[in-house]
Amino acid sequence: MFAQFALHERLLKAVAELNFATPTPVQVAAIPPALEGRDLRVTAQTGSGKTAAFLLPLLNGLMGDPQPRVRVRGLILLPTRELAQQTLKEVERFAQFTFIKSGLVTGGEDFKVQAAMLRKVPDILIATPGRLIEHLNGGKLDLTEVEVLILDEADRMLDMGFSEDVDRITALCAGRRQTLLFSATTGGAALREMATAVLRDPLHLQLNSIGDLSEGTRQQIITADDTLHKERLVQWLLANETYQKALIFTNTRVQADRLSGLLIACQFKVFVLHGEKDQKDRKLAIDRLKQGAVKILVATDVAARGLDVEGLDLVINFDMPRSGDEYVHRVGRTGRAGTQGLAISLICHNDWNLMSSIERYLKQRFERRVIKDLKGSYSGPKKVKASGKAVGVKKKKGDKKTEKAAPKRKPVSRRPRDSAPSALVSQDGLAPLKRKKTEQ
Ligand code: AMP
């Protein structure tokens, strides 16, 4: 019951109007301390209800202390336009019985229209960092009276190279009384640094729903010999599985384009979403998927970030995500709200150890599935260690015998990739290593 929170009755009315009956775990954990004014660092993925978890306290605070609209009072910084647009819609829905006005500033939209909106001064500004900096450089925007700063998907903002922009913007909001930092993953050192720099005595809420994954979503792996084999498997799955909507993740733009081209040639209706697509294409792809005009989307992680599509019940990992958190983030899009979902990862010999690291991270074993008509020659390593990893794949440091005995192989690069990882997986697949500047 949302009535358990000390929220203004107009907000409770909006919540009821939206048919939100029961608060989600992140809402239960975050709303009370946020209402008390605490700084929060929350780890929760898209789909967890995190947006309402920060919007309701923000709106409540602004309503409790009405002010003439002369300066922006709440700033929400987030990494992508899609997420910004979704968040604006959510603010408008929650604020429908209030006088609070919100505005959007993102790349790919008309600068002058945004400048005109800013002249009218919204109470809440939702922005991506790059475009916000452009407006700040224009000298028309004042953030000195921002009371509440929200950094949503902060891990992704760092991955996308927005670190300096975010630093500059947070420094401008120096007078704020509260900062809420949300991330989908626990992130690495850069996120810890950011949290230390921007938060005051924060409460750390860890709500990654690793445990929830298994409830509504079956998780399977299918072994594959190579990329061509994976492509045939995808075609088979799309033709034979029962699903409303499918999302296929690749780790590179090139592979996303190649796969979508192939599927289109096979008469599937497919959209592709990656960082090189312009804003119009991305919006079209998302709208079509939401409306159901297209059932299949091929995407890289960053491009699909923040996507919240109803009826998404099949996720295919064409490439394995590089960390357990990223896996949870991809697969957590299916099986929401008690519905059934299916997540299938295609595993070549290069993917095996990463897959087994993710199994260990999630403390579960994925179902092994074989498609009889497309059975290849690779079905996993001949011998596995207690950890589940392949025996003999990794050379031991300083072990001369092994070094001598090891056959010369081309190093398998895991990094010619163009979509942003949330974190690189270390050798044991658990601790995140280094981050890198990449696509939007
Ligand atoms: P988010 O994680 O904020 O992107 O939210 C995912 C979806 O869940 C959005 O469509 C929200 O409108 C919806 N949602 C959030 N909280 C609730 C709730 N307590 N009950 C029902 N739906 C919710």
Side-chain angles (χ1 to χ4, degrees), residues 1-5 7 11-32 34-35 40 42-60 74 76-96 102 104 124 126 150-157 180-185 205-210 212-213 215-217 244-245 247 286-287 289-292 301-313 315 325-326 328-339 341 422:
M1 290 287 287
F2 276 85
Q4 69 182 282
F5 305 124
L7 288 168
L11 294 178
L12 289 174
K13 189 172 166 197
V15 167
E17 185 97 348
L18 295 172
N19 292 323
F20 284 19
T22 317
T24 65
V26 68
Q27 292 160 2
V28 171
I31 292 176
L35 284 173
L40 300 182
V42 184
T43 313
Q45 65 189 64
T46 305
S48 59
K50 66 181 170 69
T51 317
F54 61 71
L55 284 183
L56 289 169
L58 170 66
L59 291 167
N60 200 72
I76 304 172
L77 267 190
L78 25 69
T80 64
R81 300 154 198 164
E82 288 80 20
L83 185 59
Q85 282 156 354
Q86 272 175 212
T87 305
L88 176 72
K89 275 195 197 136
E90 201 95 336
V91 179
E92 286 172 346
R93 289 156 77 197
F94 286 128
Q96 60 182 305
S102 44
L104 194 63
I124 298 174
I126 300 156
I150 294 162
L151 305 174
D152 189 16
E153 304 214 348
D155 49 348
R156 190 56 62 161
M157 285 198 278
L180 308 176
L181 186 151
F182 281 69
S183 61
T185 65
L205 305 172
Q206 173 84 25
L207 287 132
N208 252 359
S209 53
I210 289 174
D212 298 348
L213 274 186
E215 282 178 24
T217 302
Q244 281 184 57
K245 287 172 194 171
L247 181 53
I286 292 170
D287 287 349
L289 189 72
K290 283 192 170 168
Q291 292 152 7
D301 290 290
V302 169
R305 192 78 175 177
L307 257 190
D308 176 33
V309 178
E310 234 173 81
L312 191 69
D313 45 6
V315 166
D325 276 342
E326 196 66 60
V328 171
H329 197 249
R330 285 185 184 182
V331 170
R333 292 156 192 280
T334 68
R336 284 193 193 173
T339 60
S422 71

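Whatever order the structure lists ligands and atoms in, that order sets their numbers, starting from 1. Position 1 is the first residue of the sequence; numbering continues from there.
Residue-ligand proximity, Thr51 to ligand 1, at heavy-atom distances under 4.0 Å covers atoms 1 (P), 3 (O), 4 (O). Each of the following atoms of ligand 1 lies closer than 4.0 Å to a heavy atom of Phe2: 19 (N). Within the listing of ligand 1, atoms 18 (C), 19 (N), 20 (N) sit less than 4.0 angstrom from a heavy atom of Thr22. Near Ser48, meaning under 4.0 Å from any of its heavy atoms, are these atoms of ligand 1: 2 (O).
The side-chain heavy atoms of Leu56 and Phe2, taken from C-beta on, include a pair separated by under 4.5 Å.
Asp155 contributes a side-chain N or O that, together with a main-chain N or O of Ala184, makes up a donor-acceptor pair within less than 3.5 Å.
Looking at Gly49 next to ligand 1, an N or O pair under 3.5 Å apart turns up.
Legend: salt bridge (charged side-chain N to carboxylate O under 4.0 Å, His left out) pairs involving residues 48-57, not counting sequence neighbours, sorted by first then second residue: Lys50-Asp152, Lys50-Glu153.
The closest approach between any non-hydrogen atom of Glu90 and ligand 1 is below 4.0 Å.
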Mind listing the side-chain donor-acceptor pairs of residues 11-25 below 3.5 Å, one per line with the distance, residues two or more places apart or on another chain?
residue, atom, partner, partner atom, Å
Thr24, OG1, Gln27, OE1, 3.4
Thr24, OG1, Ser48, O, 2.8

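The pair Glu92-Lys89 does not count as a salt bridge, with every side-chain nitrogen at least 4.0 angstrom from each carboxylate oxygen.
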